[in-house]
Structures are given as C-alpha cells and as structure tokens.
S.K.: 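Here it is: the structure, laid out below.
Letters go in sequence order (proteins before strands), and every chain restarts at 1.
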Number of protein chains: 2
Amino acid sequence: MQDHEQIFSRFLAKKGLRLTLPRKQILDAVFSLHSHFDAEQLFDVLRIRNAEVSLATVYRTLPLLLESGLIQHSMRQESRDIYEHIFGHPRHLHWICRQCGSVSETSLDNIMPFLERAAQEQHFELEDFSLNLMGLCWRCKNENRNQ
Amino acid sequence: MQDHEQIFSRFLAKKGLRLTLPRKQILDAVFSLHSHFDAEQLFDVLRIRNAEVSLATVYRTLPLLLESGLIQHSMRQESRDIYEHIFGHPRHLHWICRQCGSVSETSLDNIMPFLERAAQEQHFELEDFSLNLMGLCWRCKNENRNQ
DNA sequence: TCCTTGTTGAGAATGAATCTCATATATTTA
DNA sequence: TAAATATATGAGATTCATTCTCAACAAGGA
C-alpha cells in the first residue's frame with residue numbers, strides 16, 4: 001500500500017522534516033487534479049476545499065514535492081511555472097499551441113532509450129528533463145487557413 | 001551573401017518594420033557572443049561596445065530576433081530566460097548540471113526524425129522546441145562521491 | 001509640409017516567486 | 001515534566017526579470 005502520503009512522509013522523514021496538515025492538504029489537492037497546474041491554481045483548489053494553507057506554504061511545498069519525485073515541472077507558460085503530478089503514468093512530452101495555449105501529450109517511450117544512452121556516454125546523471133514542442137495545433141492551423 | 005543583417009532586415013521589412021541603428025547594434029552584439037546569454041548580459045555587451053541602447057529596447061528586440069529565427073530560446077536558468085544565436089549549426093539539446101550550473105550540448109540528429117514524424121501524426125505545425133536534461137555532470141558526480 | 005506610423009529611452013508598473021519575522025508546534029534533552 | 005532545540009506557518013514585505021507607458025523623435029508617403 002504505497003500511497004502518495006506514505007511516499008511523501010518517508011521522503012520528508014529522511015530529510016528530518018514532518019508531514020504536517022498543510023503539507024498533507026497540499027498533497028491531496030495536487031492529486032485531486034487531473035491536469036497541469038501552477039501554484040496559484042493549486043492555492044485556489046485549497047481554498048475551495050477549505051484548507052487554510054497560505055500561498056507561501058504552497059510555494060514552499062512545491063520544491064519538496066518535486067524533490068520527492070511525486071510531481072514534475074512540466075513547462076513554463078505565460079511566465080508561470082506549470083507542474084503535474086506523476087502516478088506511475090509514463091513520462092510524456094508536451095505539444096504547446098502558441099495561439100490557443102492548449103497542451104496535449106505524447107508518450108516518450110521511443111525517445112527514452114536514446115536519452116539514457118546519451119546520458120551514459122556523457123557520464124551525466126540524469127535526474128529530470130523536459131521536452132516541449134511549440135507551434136500550432138491542428139485546430140488553430142485550420143482556423144488560420146480559413147481566414 | 002546572406003548575412004545576418006540582411007536576413008533580419010528582410011524579416012523586419014516584411015512586417016513593416018525598419019532595421020534601425022539600435023536593432024543593428026543588438027544584432028551585432030548577439031552574434032559577437034559565442035555562448036548562451038540573457039537580456040542583461042546582452043545589455044552589458046552593448047555598453048562595453050559603447051552602443052547607446054536601452055534595456056527596454058533589448059527586451060523589445062529579443063522577440064523579433066526569435067521570430068526571425070536568428071536566435072532561439074535555449075532554456076531558463078535562475079529565473080532568467082537564456083537565448084543563443086543560430087548560425088546554421090544544428091539544433092542541440094542541453095545538459096544542465098543542477099549543482100555547478102554548467103551547460104553542455106549534444107546534437108539532436110537522432111531525435112529530429114522522431115519529432116517530425118510525431119508532429120505529422122498529430123497534425124501539429126512544429127515551430128520550435130526545447131529539450132533540456134537536468135541532473136549532475138560527471139564532474140559534480142565524482143566530487144560528491146569523494147566526500 | 002503635413003500626417004501617419006514606427007522607434008526609442010527613462011522610469012513606472014507588474015507579478016510570480018522568495019524572503020522575513022514573529023509566532024506556533026513538534027521533538028529531544030536534562 | 002519542563003526546558004531547549006529545531007521545524008513550520010501565515011502575513012505581508014521584498015525582489016527582480018520583464019513589460020508597459022508616455023513623451024519625444026524620425027522616416028516615408030501624400
């Protein structure tokens with residue numbers, strides 16, 4: 001029964017930190033979301049859930065969640081850092097439309113072996129990475145064509 | 001003789017804009033650099049070269065250079081946007097060490113076909129992308145081991 | 001020459017992210 | 001159990017890269 005709370009709790013303990021109520025609430029809020037989020041959106045979710053957690057604590061907890069491997073930094077959009085949680089689903093890349101801002105995903109299965117081999121060649125210890133592809137989604141591409 | 005100035009000038013003309021002295025000086029400064037740079041560093045180079053260009057104009061010109069394809073956004077480090085110019089050298093990915101901040105590069109030749117095929121499948125018009133790999137460089141990895 | 005449009009510098013404004021600090025709450029030690 | 005130590009938190013101030021505003025200026029066309 002390796003649930004998120006347990007993983008986070010162990011991670012914190014290893015660092016001499018505690019799984020407090022605010023941290024628990026933030027963790028729950030993160031895993032209640034099924035898409036990308038930024039700090040402010042996460043804060044809104046917490047307010048809706050009547051969790052009395054300050055924005056400062058949200059910002060303080062995000063790096064911990066990152067380091068624990070429970071969430072990942074997925075991209076940067078409109079000068080905000082966007083995150084997403086990881087529940088065992090495979091790593092993916094993001095297709096970001098510069099016109100409508102939509103984001104879709106694709107599996108990275110075909111790329112991973114290449115990256116891992118390249119890292120080995122460099123003697124680089126790969127911890128995290130991001131692959132973001134910017135351009136026009138099919139919707140906007142068609143829309144522009146019809147004008 | 002397709003030099004950068006000509007490329008930029010044509011790009012600007014197409015948009016009804018002019019290649020002014022400040023823009024020319026910024027372009028020169030960009031191509032005088034042989035590594036990554038951010039807006040502030042570019043501004044410093046301009047000051048050293050006695051080019052009287054304001055920081056605001058630097059920030060205003062960067063998006064133009066991006067759109068013209070002469071530079072690309074290479075990554076974000078310490079909450080600053082980092083750019084690099086492109087002079088025909090192939091696209092590459094970045095290995096970013098989280099400890100010493102060093103950045104090294106690798107060719108993307110092996111990945112490009114995959115990305116292009118994936119884009120076609122999605123009917124996505126790929127304009128730009130970034131692949132950044134974070135972790136520990138061999139130097140820091142060894143250093144940590146010896147402690 | 002007049003008019004429209006693009007350009008610039010200087011400084012103000014923005015806003016995400018971080019920091020400060022006084023106060024609380026655990027955990028350890030005596 | 002009490003005192004000492006270390007960790008957490010909220011509220012608001014602060015930072016700092018980036019963007020915006022605005023007045024002055026320049027170029028090109030009618």
S.K.: Between D:dG10 atom P and A:Leu55 atom CG, what is the distance in whole Å?
M.R.: 10 Å
S.K.: Side-chain N or O of A:Thr20 versus OP1/OP2 of D:dT9: is the shortest distance under 4.0 Å?
M.R.: yes
S.K.: Between C1' on C:dG6 and NZ on B:Lys15, what's the gap in Å once rounded to a whole number?
M.R.: 13 Å
S.K.: Separation of A:Asp38 atom CG from C:dA17 atom P, in whole Å?
M.R.: 7 Å
S.K.: Distance check: side-chain N/O of B:Tyr59 vs OP1/OP2 of D:dT18, anything under 4.0 Å?
M.R.: yes
S.K.: Please give, in whole Å, the distance from D:dT19 P to B:Leu62 CG?
M.R.: 9 Å
S.K.: What's the NE2-P distance between B:His73 and D:dA17, to the nearest Å?
M.R.: 14 Å
S.K.: How close or far is atom P of C:dA16 from atom CZ of A:Arg60, stated in whole angstroms?
M.R.: 18 Å
S.K.: Between B:Phe31 and B:His4, how do the two ring planes meet: parallel, tilted or perpendicular, split at 30° and 60°?
M.R.: parallel
S.K.: Between B:Arg18 and D:dG28, is there a contact of a side-chain N or O with OP1 or OP2 at under 4.0 Å?
M.R.: no
S.K.: Are the charged groups of A:Glu52 and A:Arg47 less than 4.0 angstrom apart, N to O?
M.R.: no
S.K.: Check every atom of D:dT9, C:dT7, D:dA11 against the side chain of B:Arg23 and return the nucleotide holding the closest atom.
M.R.: C:dT7
S.K.: Membership question, hydrophobic clusters at under 4.5 Å side-chain separation (ILVMFWY): are B:Met75 and B:Ile86 in the same one?
M.R.: no
S.K.: Which nucleotide in the list D:dG10, C:dT7, D:dT9 gets nearest to the side chain of A:Pro22?
M.R.: D:dT9
S.K.: Could you please name the option among C:dG11, D:dT18, C:dT8 that lies closest to any side-chain atom of B:Ala56?
M.R.: C:dG11
S.K.: For a quick test of reading the model: is some side-chain N or O of B:Thr57 closer than 4.0 Å to OP1 or OP2 of C:dG9?
M.R.: yes
S.K.: Ignoring the backbone of B:Arg76, work out which of C:dA16, C:dT7, D:dT18 is nearest its side chain.
M.R.: D:dT18
S.K.: What is the distance, to the nearest angstrom, from the CG atom on B:Leu21 to the C1' atom on D:dC25?
M.R.: 15 Å
S.K.: In whole angstrom, what separates B:Leu46's CG from C:dG9's C1'?
M.R.: 14 Å
S.K.: Is it true that A:Glu40 and A:Arg80 have a side-chain N and a carboxylate O under 4.0 angstrom from each other?
M.R.: no
S.K.: Are A:Val30 and A:Ile82 linked, directly or through other ILVMFWY residues, by side chains that come within less than 4.5 angstrom of each other?
M.R.: no
S.K.: When we call it a touch if two heavy atoms are under 4.0 Å apart, what does A:Asp81 touch: a base, just sugar-phosphate, or nothing?
M.R.: sugar-phosphate
